[in-house]
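See structure below.
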Amino acid sequence: MFTSLINTNNINIFTIQYTLVSNVSSLNSALQLLFQAEVLAIDCETTGLDPLTDSIRLIQIAAPNHPVVLIDLPAIPKSDRSLLKQLLSNSAVKIAHNAKFDWQFLTLAGLQTSGKFFDTQLAYKVLTAGLKTSSSLQNIVKKLLHFQLDKTQQISDWCKPLTKAQLHYAAFDAAILLDLYPILLKKLKQAKLLKIARLEFQCMPVVAQMELNGMLFDLSRWQILGAKLEIEKTDALNQLKQLRIASSQMSLLPELTDAVNPNSPQQVLAALQAIGIKINSTNQSKLVSLAAQYPIIQALLDYRRLSKIIGTFTEKLPQHIHPKTGRIHPNYYQLGAKSGRFSCRKPPLQNIPRDQTARSCFIAAPGYKIIKADYSQIELRIMARLSADIKMCQAYRQGADLHRLTASLVTGKHINEVTEEDRRLAKAINFGLIFGMGAAKLQIYAQVKYGVAMTLEQAKAFRKRFFEAYPGIAKWHENIKHEYTRGIKESRTLANRRRRWVNKPRLSELFNHPVQGLNADINKLAMVKLSNPLAKFKTKLICVRHDEIVLECPETKVEQVSHTLHNCMVAAAQKFLNPIPVVIDIKTSNSW
DNA sequence: TCAGAGTGCGCC
DNA sequence: AAACGGCGCACGCTGA
């Protein structure tokens, strides 16, 4: 099916030309020829995957109509790399696949790449957001150039003297990017995605630097916290044991129920059913409302919460402290979510419990402060902007508390009589209903997340009143429903980010994407705007979380940096939300 | 025995 | 007619 031999613009799979340079004179004469090129494809082969401990073995630079330059970097003394540095920061478009990886290695080798970037992986992800497709170089080459890329050398030993096969592979990997570039560029233009792709490209070095920065972590404080949680968990487990013995007396098979594993939903369900609790599943939403009635259920919920925190964070986070920096450097994937949001892994810092005692273990280095800024109610503001609901827009323009307003509208109370519980109720209503939640889920959601109990009838009534109170939202939902019934192929955010729909999407997904996606667009734009100020103020971006940006800043510059951070975030959001005002909450302290 | 789907839950 | 969305990770369980 796939041709093994193909002539593309620049290369032939068997006749690819390359020049291996291992001394400064041959390096510089090879580089001289590349300064006229408007595009440069760059790739690095490294001794491993960790930029903080591994190093570059080979740099490949490809330009149209030139042999690929393969630079044996360890053979070039640091003092002889000035022309290379110059090339990597010139005005050419730098093309790379997963450029973050190469940027990090090059930066730590003192070869910071700057200027315009074009990341073939990000470009492909922007084009295919929503589809189930791999964005590996191999797959992209297969889909766009119609041949099978041989990656067997990728896992070869790059620490030993390089073989001809390795050099050929390395040259090819860089050269192929020159062929992908015009195709991806054309597709981006045709799909009106070039702008959003450029936002991603500009964001890339900011993300790359953020990973290198990492977060400083107070291990001893964390361990004290962990020990406390461990005690609480044991308490909960003991309660579960005692109560299980009681339950086993009612069972015909005590030897089985004695062995109930609290981590097994199946066994727990059977055990709870055996003592007469009528449930069909043991998830939080089914159990919360029964916790007051049955102590064992409270113990189970406690146990689950604590073992989650201990298993996922308390025990795992210390393993991610980097021996070289003493900091935690997670992996951020700027297009990790189909909506355009970031995802974060190893460790998942975007999921750290919001509990202040946990977060206070992430600390500023001596002489630094942590500045944390988040967008206030960004999704609701986006919703106001998209729906142009008159009451919602007016409330935000007047600086009113939207949750209080909703509380007043759905309960019929005067705005001054709204209680704290009413306001929590309104939060559940606002956050839930904009994405199309039904009455049954609203009832559960309000109980689980906000501790507000209501009957199904009340939930139905609240739902009805919400859409009567905000007819603009109801209309916006109607419009999307209309598109939905006609069969919709894609959704766009205001920044024109696209998400494609493969099968018939759920209606709620259609409600969600324009909101969640624009939130991501805004946060990324804010990061890009911050890029230069961060360098100027020697401040580190250390974490981003959907609507939140965390910086580590020299103590002496806190005021200027807070001010700049505020301005960048406001400007990014204003670009899309105008005339809805944007509010940023900023806090400065010694820890997160 | 081990990959993978399923359940459950931490975050926004 | 009714329907929140987006992640990553740990765990028990299933089936080839």
Side-chain angles (χ1 to χ4, degrees), chain A residues 129-130 229 259-270 280-288 300-317 319-320 330-355 358-359 374-380 382-383 428-446 448-449 459-460 463 466 473 477 480-481 484-485 491 499 504-520 523 543-549 592:
Chain A
L229 294 174
V260 163
N261 179 348
N263 296 318
S264 165
Q266 200 181 73
Q267 293 180 32
V268 168
L269 179 62
N280 53 15
S281 148
T282 75
N283 66 36
Q284 230 180 16
S285 67
K286 303 290 192 318
L287 297 182
V288 163
L300 177 63
L301 289 170
D302 288 340
Y303 172 80
R304 287 233 183 106
R305 178 177 52 83
L306 292 159
S307 51
K308 175 82 185 174
I309 294 170
I310 291 168
T312 314
F313 302 108
T314 312
E315 290 171 352
K316 294 297 157 67
L317 240 45
Q319 298 169 13
H320 288 280
N331 295 315
Y332 287 94
Y333 299 88
Q334 63 187 85
L335 289 174
K338 288 173 278 190
S339 57
R341 267 189 180 182
F342 280 91
S343 75
C344 177
R345 299 169 59 188
K346 294 180 181 176
L349 277 200
Q350 293 185 322
N351 307 12
I352 296 290
R354 58 188 316 173
D355 170 26
R359 296 207 182 168
D374 63 271
Y375 284 108
S376 163
Q377 299 179 7
I378 186 73
E379 290 199 334
L380 283 175
I382 290 172
M383 196 64 254
I429 290 172
N430 283 335
F431 292 136
L433 298 188
I434 57 170
F435 297 136
M437 192 178 277
K441 276 222 168 155
L442 175 62
Q443 186 192 6
I444 292 164
Y445 176 69
V448 173
K449 295 283 179 187
K460 283 181 183 165
R463 197 168 179 276
F466 174 83
I473 305 280
H477 280 189
I480 287 180
K481 266 185 214 171
Y484 170 75
T485 49
S491 296
R499 176 168 171 187
K504 200 172 191 194
R506 284 167 293 177
L507 192 51
S508 48
E509 291 176 310
L510 300 185
F511 292 154
N512 181 269
H513 178 257
V515 179
Q516 190 179 114
L518 186 63
N519 183 359
N523 214 29
C543 185
V544 294
R545 291 163 43 109
H546 312 307
D547 61 355
E548 175 182 341
I549 292 177
W592 185 12

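Fair warning: this is a prediction, and the values are worked out from it, not measured in the lab. Letters go in sequence order (proteins before strands), and every chain restarts at 1.
- Between A:N512 and C:dC4 there is no side-chain N or O to OP1 or OP2 distance below 4.0 Å.
- Remark: A:S281 is in phosphate contact with B:dG8, judged by side-chain N or O atoms under 4.0 Å from OP1 or OP2.
- As rounded to whole Å, 9 Å separates atom C1' of B:dC12 from atom CG of A:N351.
- For the P atoms, the distance linking B:dC11 with C:dA3 amounts to 26 Å, nearest Å.
- Between the C1' atoms of B:dA5 and C:dC9, the separation comes to 15 Å (whole Å).
- Closest to the A:R345 side chain, of the nucleotides C:dC9, B:dG10, B:dC12, is C:dC9.
- Within the 4.5 Å cutoff, side-chain heavy atoms of A:K286 are placed close to those of A:N280.
- Of the candidates C:dG6, C:dA3, C:dC9, C:dC9 carries the atom nearest the A:P348 side chain, counting heavy atoms from C-beta on.
- For A:R545, the listed nucleotide lying nearest its side chain is B:dC12; candidates were C:dC11, C:dC13, B:dC12.
- At least one side-chain heavy atom of A:Y484 sits less than 4.5 Å from a side-chain heavy atom of A:K504.
- Taking 4.0 angstrom as the limit, A:T312 places none of its side-chain polar atoms (N or O) nearer than this to OP1 or OP2 of B:dG10.
- A:S508 has a side-chain polar atom (N or O) that falls below the 4.0 Å cut-off from OP1 or OP2 of C:dG5.
- Computed from coordinates, the A:I310 CD1 to C:dC9 P distance equals 19 Å when rounded to whole Å.
- Taking side-chain N and O atoms only, A:S264 has a distance below 4.0 Å to OP1 or OP2 of C:dC13.
- Of the candidate nucleotides C:dG12, C:dG6, C:dC4, C:dG12 has the atom nearest to the side chain of A:N263.
- Base contact: A:Y445 has a heavy atom under 4.0 Å from a base atom.
- In this structure, A:D547 atom CG and C:dG6 atom C1' are separated by 13 Å, rounded to whole Å.
- Distance from the side chain of A:Q266 is smallest to C:dC13 among C:dC4, C:dG6, C:dC13.
- Side-chain proximity of A:I309 to the nucleotides C:dA3, B:dG10, C:dG12 is greatest for B:dG10.
- Look at A:R305 and you won't find any side-chain N or O under 4.0 angstrom from OP1 or OP2 of B:dC9.
- The side chain of A:R499 contributes an N or O atom lying less than 4.0 Å from OP1 or OP2 of C:dG6.
- In this structure, A:R304 CZ and A:L287 CG are separated by 6.0 Å, a value rounded to the nearest 0.5 Å.
- For B:dG8, the OP1/OP2 oxygens have a side-chain nitrogen or oxygen of A:N283 closer than 4.0 Å.
- A:K481 comes within contact range of at least one nucleobase, with a heavy-atom separation under 4.0 Å.
- At least one side-chain heavy atom of A:C543 sits under 4.5 Å from a side-chain heavy atom of A:Y332.
- A heavy-atom distance below 4.5 Å is not found between the side chains of A:H477 and A:I480.
- We find that CE of A:M437 is positioned 13 Å from P of C:dG6, with the value rounded to whole Å.
- Remark: A:Q284 is in phosphate contact with B:dG10, judged by side-chain N or O atoms under 4.0 Å from OP1 or OP2.
- Between A:K308 and B:dG8 there is no side-chain polar atom (N or O) within less than 4.0 angstrom of OP1 or OP2.
- Taken to the nearest 0.5 Å, the CD atom of A:Q350 stands 8.0 Å off from the CZ atom of A:R341.
- If you check every strand for non-hydrogen atoms under 4.0 Å, A:I352 touches sugar and phosphate atoms only.
- Look at A:R341 and you won't find any side-chain N or O under 4.0 angstrom from OP1 or OP2 of C:dG6.
- With rounding to whole Å, A:K441 atom NZ is found 10 Å from C:dG5 atom C1'.
- Here A:R354 does not reach the OP1 or OP2 of B:dG10: none of its side-chain N or O atoms lies under 4.0 Å away.
- With rounding to whole Å, A:E509 atom CD is found 15 Å from C:dA3 atom P.
- Counting heavy atoms from C-beta on, the side chains of A:I434 and A:F466 come closer than 4.5 Å.
- C:dG6 atom C1' lies 17 Å from atom CZ of A:F511, rounded to whole Å.
- A:F435 places its CZ atom 14 Å from the P atom of C:dC7, with the value rounded to the nearest Å.
- Between A:T282 and B:dG8, a side-chain N or O to OP1/OP2 separation shorter than 4.0 Å is present.
- Atom name C1', nucleotides C:dG12 and B:dC2: the rounded distance is 14 Å, in whole Å.
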